[in-house]
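Worksheet: the structure to be examined is printed underneath.
Note that ligands are numbered from 1 as they come in the structure, with each ligand's atoms numbered from 1 the same way. Computed from a predicted structure; not experimentally measured. Heavy atoms only: backbone and side chains are in, while hydrogens, waters and symmetry mates are out.
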Amino acid sequence: MAQEKTYKIAVIPGDGTGPEVIREGVKVLDAAAERFGFKLSYNYFDWGGERYLKTGDTIPKGGIDELRKHDAIYLGAIGHPDVTPGILEKEILLRIRFELDQYINLRPVKLYPGVWTPIKDKGPEDIDFVVVRENTEGLYAGGGGFLRKGTPQEVAIQESINTRFGVERCLRYAFEFCRKRNKKKTLTLVGKTNVLTYAWNLWERTFYEVAKEYPDIKTDYAHVDATCMWFVKNPEWFDVIVTDNMFGDIITDLGAIIQGGMGIAAGGNINPEGVSMFEPIGGSAPKYTGKNVINPLAAICAGMMMLEHLGEEEAARAIENAVIKVCRDHLKSLSAGKMGYSTSEVGDLVANYTKEGVEL
Ligand code: IPM
Ligand code: MN
């Protein structure tokens with residue numbers, strides 16, 4: 001008999017409710033693995049606020065190279081109320097994204113049936129698009145500095161770094177993704193060409209140049225401010241969106257709320273040639289920690305994206321169907337404490353439906 005395929009997964013449960021949602025995610029991943037005949041071996045990393053407060057370490061020496069030995073990374077949440085904002089985010093989350101060159105942040109915005117959306121008169125047929133966010137450059141690259149810090153003449157400069165190389169590889173990924181998705185076959189560049197005339201000139205020129213190689217993909221452009229309006233007014237216009245790091249960060253929180261909130265929104269930090277990392281988009285939600293009330297579906301959906309990325313498409317579809325079933329037939333709300341079920345009960349439901357298979 002052929003040896004079962006084993007995937008090596010680095011797990012970083014992280015802070016706050018991270019460990020609780022990751023526990024449910026692993027439960028569901030194991031259910032899928034069992035049914036579809038592959039194995040997952042997990043290595044746990046205790047990186048996060050607690051470790052930092054005890055040891056002063058964010059990522060220990062050699063830590064990034066340890067991650068490189070895995071097929072994928074599964075992350076809970078980073079952010080601790082007793083640690084100055086920015087330290088853990090920059091030294092753990094952003095450092096992994098940058099050092100592993102995860103240059104795409106892939107964020108699907110999909111409203112499942114029965115899930116409440118704040119957008120009146122819109123349903124699952126209207127809210128189904130994907131944001132491709134550049135993940136290694138822009139304002140996140142860390143360019144800038146202070147002049148005369150702490151004086152009345154202080155200057156603070158924060159630079160947006162956009163390289164032809166970085167922009168082009170992101171755009172190419174988005175065109176390929178749009179083709180493979182095969183829905184409306186429309187790629188919308190979201191930017192700010194009317195004001196940020198250097199960065200967005202580069203993006204726009206590169207976009208239309210690369211587009212020539214994809215005659216089957218329709219191209220569109222929207223300013224980022226107008227995009228926010230259209231997410232609310234006409235979300236059905238979108239198929240695949242490609243944008244820079246900062247705009248992608250901002251519009252995907254809006255995307256998350258129209259798909260039902262942080263309880264369900266997941267994303268992948270992708271290096272198509274390297275090791276990718278999957279995570280719920282929401283934070284560590286410290287006030288719900290340890291209460292068994294947080295919604296694990298975002299982490300579960302991140303796990304689903306991870307399996308899809310590893311090539312286990314069937315297993316990913318089984319998890320998605322289980323999530324749809326649980327949203328439609330069980331949960332009262334996707335908000336923490338209002339689901340009508342505890343965190344672990346939601347995990348059990350999804351795991352069982354994943355194992356059994358569901359008819360929708
Ligand atoms: C996200 C988060 C991060 C980001 C923070 C925590 C650094 O908001 O993943 O969207 O800004 O990218
Ligand atoms: Mn964000």
Report task. Given ring-ring contact (aromatic ring centres under 6.0 Å, His included), test Phe129 with Phe231 step by step and report yes or no. Result -> CA-CA 10 Å; Phe129 59 90; Phe231 270 19; 4.8 Å; yes
Query raised in the report: So what's near the Mn ion (ligand 2), protein N, O or S atoms under 2.8 Å?
Result: Asp249 OD1
Query - Student check: side-chain heavy atoms of Arg51 and Pro60 closer than 4.5 Å - result: yes
Query raised in the report: Is the backbone of Asp348 close enough, under 3.5 Å, to the side chain of Asn352 for a donor and an acceptor to pair up by distance?
Result: yes
Query raised in the report: Given Leu75, Leu139, Leu93, Asn105, which has its nearest heavy atom closest to atom 5 (C) of ligand 1?
Result: Leu93
Report summary line: Paired with Leu106, the side-chain contact (heavy atoms from CB on, under 4.5 Å) test is passed by just one of Val131, Ile270, Asn269, Val240, namely Ile270
Query raised in the report: Do you know which of Tyr42, Tyr7, Phe45 makes ring pair (Phe, Tyr, Trp, His ring centres under 6.0 Å) with His70?
Result: Phe45
Report task. May I ask whether Lys90 has any heavy atom positioned less than 4.0 angstrom from an atom of ligand 1? Result -> no
Query raised in the report: Quick one: which ligand 1 atoms are inside 4.0 Å of a heavy atom on Arg97?
Result: 1 (C), 4 (C), 9 (O), 12 (O)
Report task. Report yes if the distance between the aromatic ring centroids of Phe207 and Phe175 is under 6.0 Å, otherwise no. Result -> yes
Requested in this report: Flag the pair Leu67 / Ile96 as yes when at least one side-chain heavy-atom distance between them is below 4.5 Å, and no otherwise.
Outcome: yes
Query raised in the report: Do Glu89 and ligand 1 have an N or O pair less than 3.5 Å apart?
Result: no
Query raised in the report: Closer than 4.0 angstrom: is that true for some heavy atom of Asp249 and an atom of ligand 1?
Result: yes
Query raised in the report: So with a 6.0 Å cut-off around CD of Glu273, is the heavy-atom count from everything else above 12?
Result: yes
Query raised in the report: Should the pair Tyr341 and His330 be assigned to parallel (<30°), tilted (30 to 60°) or perpendicular (>60°) ring geometry?
Result: perpendicular
Report task. Could you tell me the residue and atom name of the protein heavy atom closest to atom 4 (C) of ligand 1, and the distance to it rounded to 0.1 Å? Result -> Tyr140 OH, 3.5 Å
Query raised in the report: Can you tell which part of Met246 has a heavy atom less than 4.0 Å from ligand 1: side chain, backbone, both or neither?
Result: neither
Report task. Please confirm whether Arg133 comes within less than 3.5 Å of ligand 1 when only nitrogen or oxygen atoms on both sides are compared. Result -> yes
Query raised in the report: Picking from Asn135, Asp249, Asn245, what satisfies side chain to side chain donor-acceptor pair (under 3.5 Å) with Tyr140?
Result: Asp249
Report task. State whether the shortest distance between N or O atoms of Arg107 and N or O atoms of ligand 1 falls below 3.5 angstrom. Result -> yes
